Amino acid sequence: AMHHTMTWPFLLLAVSCSAATPKLGTYLVDTSTISVSGLSSGGYFAVQFHIAFSGTINGAGIIAGGPFYCAHGDVETALHACMVSPDLISVRALVDITDATAATGTIDNPKYLADDRVYLFSGTLDSVVVPGVMQKLSEYYSAFLVGSGASLMEEFNIPAEHSMVTDDFGNTCDDFASPYINNCSYATAYRILQHIYGDIAPATSNDTIPQNMLEYDQSEFFLDVPEAISMDSIGYVYVPTACKNKTRVCHLHIAFHGCLQGREYVGNEYALNAGYVQVAEKNNIIVLFPQVTNKIPDGTNPKGCWDWWGYTGQDYSCKLGDQMIAVKKMLDRVAGIMA
């Protein structure tokens with residue numbers, strides 16, 4: 001009996017260790033079809049990630065975001081020009097900055113954008129990032145999407161407030177409230193994926209398989225604790241059954257949530273209900289949902305936004321940015337790319 005009592009602490013230890021968040025897996029991914037999308041701060045971040053890693057990313061869907069480096073590393077510019085006063089945005093200057101930054105090697109050569117496919121959504125009632133900002137983003141992308149395979153699509157006519165618009169979940173279309181997912185009878189996530197990938201079947205409500213929504217440990221992708229750069233220790237990834245079983249080569253799509261939409265605010269509700277996973281299961285698309293938190297020690301990110309104005313440091317928008325590096329490492333892991 002004595003011997004059994006002594007083994008108890010070790011048994012308990014083993015149980016608690018196995019409950020740790022699993023590592024992000026590696027799957028069979030078509031590395032020529034990796035794409036991104038995002039809403040609000042996630043929209044700005046998706047643009048940033050697309051521009052910085054254009055050699056890796058081949059398409060983007062942007063909802064209520066704006067052009068690369070719009071904020072010029074300044075929170076006041078972010079809050080004004082880049083959200084509500086688009087007349088103050090000089091697209092020409094941002095295009096020039098993009099070219100100059102590429103010349104330093106800290107973002108990929110913009111020539112890789114030439115044949116990319118980009119989908120832009122702005123609700124007519126958006127009071128947070130007004131439609132004129134997305135018009136500037138359209139002009140910005142037009143400067144680079146110059147190849148014969150390029151396609152830039154705009155949906156700027158739906159009477160939606162600032163939100164991720166779906167056809168089956170959320171608040172009313174003109175509502176501005178958590179979780180910032182609005183039902184406007186329009187499947188934005190499907191339209192994005194369909195525009196980027198072409199032959200994509202629409203979802204039906206019962207396509208999602210709940211056990212294919214996985215949590216993963218984000219903390220292994222940072223040099224410091226995740227909170228140091230305002231990132232969560234846990235992220236979500238949806239892995240369709242065929243991708244999980246590695247019987248199919250799958251697409252990889254990275255979806256960046258908006259402010260107040262991370263795990264600490266809404267759990268996995270954005271990941272589950274923004275409209276991606278329903279389409280993903282049916283079309284063998286792995287969807288990575290990296291998570292940001294508001295817990296940065298200096299308090300510069302109170303709403304849990306992605307860094308598109310410089311709270312993590314001046315390199316925030318290029319390949320040297322802390323959040324950019326972390327997400328690229330996650331992408332490399334899922335796709336099996338040796339960094």
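Not measured: the values here are computed from a predicted model.
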Other residues, nucleotides, ligands: >12 heavy atoms within 6.0 Å of Y112 OH: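 No, OH of Y112 has 12 or fewer neighbouring heavy atoms, counting only those of other groups under 6.0 Å.
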query: If you draw a 6.0 Å radius around CD in Q314, do more than 12 non-hydrogen atoms from other residues or ligands fall strictly inside?
result: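 Open: at most 12 neighbouring heavy atoms sit under 6.0 Å from CD of Q314.
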Does [X] reach the main-chain N or O of [Y] with its side chain, forming a donor-acceptor pair under 3.5 Å?
| X | Y | value |
| --- | --- | --- |
| H251 | D30 | no |
| T300 | D298 | no |
| Y44 | C82 | yes |
| Q291 | R263 | yes |
| Q323 | Y316 | no |
| D115 | S148 | yes |
| T26 | R333 | yes |
| S85 | L88 | no |

message: If you apply the rule ring-ring contact (aromatic ring centres under 6.0 Å, His included), what do you find for Y69 with H72, and how did you get there?
response: CA-CA 5 Å; Y69 207 62; H72 294 268; 5.3 Å; yes
message: With a 4.0 Å cut-off on N to O distance, would you call D108 and K319 a salt bridge?
response: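 Yes, this pair counts.
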- prompt: Would you call R191 and E155 a salt bridge, using N to O less than 4.0 angstrom?
  reply: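 No salt bridge links R191 with E155.
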- prompt: How are the rings of F53 and F49 set to each other: parallel, tilted or perpendicular (split at 30° and 60°)?
  reply: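 The arrangement is tilted - the two ring planes meet at 30° to 60°.
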query: Using the ring of each side chain (for Trp, its six-membered ring), is W306 parallel, tilted or perpendicular to H257, with breaks at 30° and 60°?
result: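 Aromatic pair W306/H257 classed tilted.
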query: Have S32 and N58 got a donor and an acceptor in their side chains that come within less than 3.5 Å?
result: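 Judged by distance alone, the side chains do not pair up.
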task: Would you tell me whether T293 and E264 have side-chain atoms, one donor and one acceptor, within less than 3.5 Å of each other?
output: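 There is such a pair (donor and acceptor under 3.5 Å, judged by atom type) between the side chains of T293 and E264.
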query: Can you find a pair of side-chain heavy atoms, one from Y238 and one from E281, that are under 4.5 Å apart?
result: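 Of all side-chain heavy-atom pairs linking E281 with Y238, at least one is under 4.5 Å.
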task: Report yes if some heavy atom in the side chain of T77 is under 4.5 Å from a heavy atom in the side chain of C70; otherwise report no.
output: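 No. Closest side-chain heavy atoms not under 4.5 Å.
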message: I'd like to know if I254 and V249 are part of one continuous hydrophobic network [Ile/Leu/Val/Met/Phe/Trp/Tyr, side-chain heavy atoms within less than 4.5 Å].
response: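 No, V249 does not connect to I254 through the hydrophobic network.
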Can you measure from [atom1] ([X]) to [atom2] ([Y]) and round to the nearest 0.5 angstrom?
| X | Y | atom1 | atom2 | value |
| --- | --- | --- | --- | --- |
| E269 | Y236 | CD | OH | 10.5 Å |
| I62 | M134 | CD1 | CE | 7.0 Å |
| D217 | D232 | CG | CG | 10.5 Å |

- request: Give a yes/no verdict on a cation-pi contact between K246 and Y27, requiring under 6.0 Å between NZ or CZ and the six-membered ring centre and an angle within 45° of the axis.
  value: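 Flagged: K246 positioned over aromatic ring of Y27.
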- request: Measure centre to centre between the rings of H50 and Y141, then say whether the value is under 6.0 Å.
  value: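 Close enough - the centres of the two rings lie under 6.0 Å apart.
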query: So which heavy atom on L39 is nearest to which on Y180, and how close?
result: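 Of all heavy-atom pairs spanning L39 and Y180, the closest is CD2-O, 4.1 Å.
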task: Tell me, with the steps shown, if Y311 and N301 meet side-chain hydrogen bond (donor to acceptor under 3.5 Å, both in side chains).
output: CA-CA 7 Å; Y311 69 75; N301 186 25; 3.1 Å; yes
task: Starting from the C-alpha separation in whole Å, work towards a yes-or-no answer on side-chain hydrogen bond (donor to acceptor under 3.5 Å, both in side chains) for Y197 and S35.
output: CA-CA 9 Å; Y197 294 125; S35 62; 2.7 Å; yes
